[in-house]
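Below you'll find the structure, written out as C-alpha cells, and then a few comments.
Lettering follows sequence order; numbering is per chain, from 1.
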Amino acid sequence: MPELPEVETTRCGIEPHVLEKKIRSVELRERQLRWPVPANLGDLVSDRKVQSVGRRGKYLLIDTGNGTVMIHLGMSGSLRIVPGKTPAEKHDHVDFRLQDGNALRYRDPRKFGSIHWIEGDPMDHPLLVSLGPEPLTGEFDGDYLFRQSRKRKAAVKTFIMDSHVVVGVGNIYANEALFRSGIRPARAAGRVTRQKFELLAFNIKQILAEAIKVGGTTLRDFIGGDGEPGYFKQSLNVYGRGGLPCRECKSILKEIRLGQRSSVYCSQCQK
DNA sequence: ACGAAGCCCTGCAAGC
DNA sequence: TGCTTGCAGGGCTTCG
C-alpha cells in the first residue's frame, strides 16, 4: 500500500535508471486499470528521452518532452527496473523498454493504480489541478490546517486524508500522526485547536520525512529486486494494533471505522 | 460547499 | 484439504 514515502522512494529509485534514457517501446499486457491505459502509449513515447521524473502527491510524472506519463501506484502498485529479458509475472501489466536493455516495469495486482498520458502542463490535469499542498513544504503548516478546518464537521482524520486539503497522507500515517499529536481521529476537524494543529502538521512532516529517509536506505532493491522498500518494518504505534496495549500507557487501543477506513487510537493518550 | 456512501480489484484470512 | 465468504484499501465519483 504505497503511501507518499513509498512513492517518493520509488521516484528516487527509478530516476537514475530512466533519466536521459530513451524509451524504445512499450509493452501493454493489461490496459484495464483504474482508468484504461491509452492503447497508443507506445507510439506516444517511443524514441522519446526521459527529461525528468517528478511527483505531485502520489502521482509520478515522467516527462518525455512531448508530454507526460502520469503514474499512480494505487495501493498495490510498484515500479522497478528489471533487465530486459526478465519474464513478466502475473500482474506485470506494463513494461517501458529502455534503450539500455533494461525495462521500467509496472506491476499492480489490484489494479487500483493508473497510467495517464498528459499533453501540456501536467499541473493543469483535472486530477492534479485542485490538489492541496505538499505536506513537506512550507505551505503546509498548523496555521493552514487551522484555517482550512474551520466549520468543518468531518472527522479530523478524514480531513487530513482528503487530498484537496493536503496530499499524501494515507491511512497508516494519518493514524500515527494523530496518535503522536494526542488527537482522537473522530474529533470534528473544526473543533481541533490551533495548538493541536501545529503539533499535527509538525508530526505529519516528521513521520513522512522519517519514512522517506528509511526508504532511501533500501534503494538498491529497486534493481532486479522485488521493488518493495523495506522501511515498512518500522514500528507503528497504533496502525494494525487495535486491541493491543498502547505503547505509552498500556491501555487497550480502540479500533473504529471512519470513512470506511480502519482507525486505531488510544482513548487515554488521545483526546 | 460539504459530507457520506459507492465503487473498482485481488490476495489473503477466516469460516465451514 | 478445499471451497466460499468477507474484508482491506486510495481516491475518484455520485448522490443527498
Pairwise 5' ranking along DNA chain B for A:R150 and A:G259, keeping only the more 5' one: A:R150

Protein-nucleotide distance (A:Q148, atom CD; B:dA1, atom C1'), rounded to Å: 13 Å

Salt-bridge criterion met for A:R56 and A:E134 (N-O under 4.0 Å): yes

N/O (side chain, A:H91) to phosphate O (OP1/OP2, B:dG11) under 4.0 Å: yes

Phosphate OP1/OP2 of B:dG11: any A:K90 side-chain N/O under 4.0 Å: yes

Distance in angstrom units between A:L33 CG and B:dT10 P, rounded: 10 Å

Pairing of A:D95 and A:R29 as salt bridge, 4.0 angstrom limit: yes

Pair A:K157 + A:E176, salt bridge at N-O below 4.0 Å: no

Spacing between A:Q32 atom CD and B:dC8 atom C1', to the nearest angstrom: 12 Å

Sugar-phosphate, base or nothing in reach of A:L73, heavy atoms under 4.0 Å: nothing

Spacing between A:K111 atom NZ and C:dC12 atom P, to the nearest angstrom: 20 Å

Axial cation check for A:F146 ring with A:R150, 6.0 Å and 45° limits: yes

A:R11 bridged to A:E8 by N-O distance under 4.0 Å: yes

Atom-pair distance (CE on A:M75; C1' on C:dC12), nearest Å: 16 Å

Sugar-phosphate, base or nothing in reach of A:F159, heavy atoms under 4.0 Å: nothing

Nearest-nucleotide pick for A:K58, side chain only, options being C:dG11, C:dC12, B:dT10: C:dG11

Value in whole Å for how far the P atom of C:dA8 lies from CG of A:N171: 11 Å

Sugar-phosphate only, base, or nothing, as touched by A:T158 at under 4.0 Å among non-hydrogen atoms: nothing

Face-to-face stacking of A:F112 with B:dC9, centres under 5.5 angstrom, angle under 30°: no

Nearest-neighbour nucleotide for the A:P109 side chain, B:dG6, C:dT13, B:dG11 considered: B:dG11

Phosphate-side-chain proximity, A:K153 and B:dC2, N/O vs OP1/OP2 below 4.0 Å: no

Which nucleotide in C:dA8, C:dC12, B:dC9 has an atom nearest any side-chain atom of A:H164: C:dC12

Nearest-angstrom distance from the residue atom CD1 of A:I256 to C1' of B:dA4: 15 Å

Nearest-angstrom distance from the residue atom CD of A:Q260 to P of B:dC7: 10 Å

Residue-phosphate contact under 4.0 Å: A:R110 side-chain N/O, B:dC12 OP1/OP2: no

side-chain N/O A:H72 vs C:dG11 OP1/OP2, d < 4.0 Å: yes

Given B:dT10, C:dC12, B:dA5, the nucleotide with the shortest approach to the side chain of A:L127: C:dC12

A:R34 side-chain proximity, nearest of B:dT10, C:dC12, B:dG3: C:dC12

Under-4.0 Å side-chain N/O to phosphate OP1/OP2 contact, A:Y59 with C:dC12: yes

Side-chain ion pair, A:R24 and A:D47, N-O less than 4.0 Å: no

Under 4.0 angstrom between A:R152 side-chain N/O and B:dG3 OP1 or OP2: yes

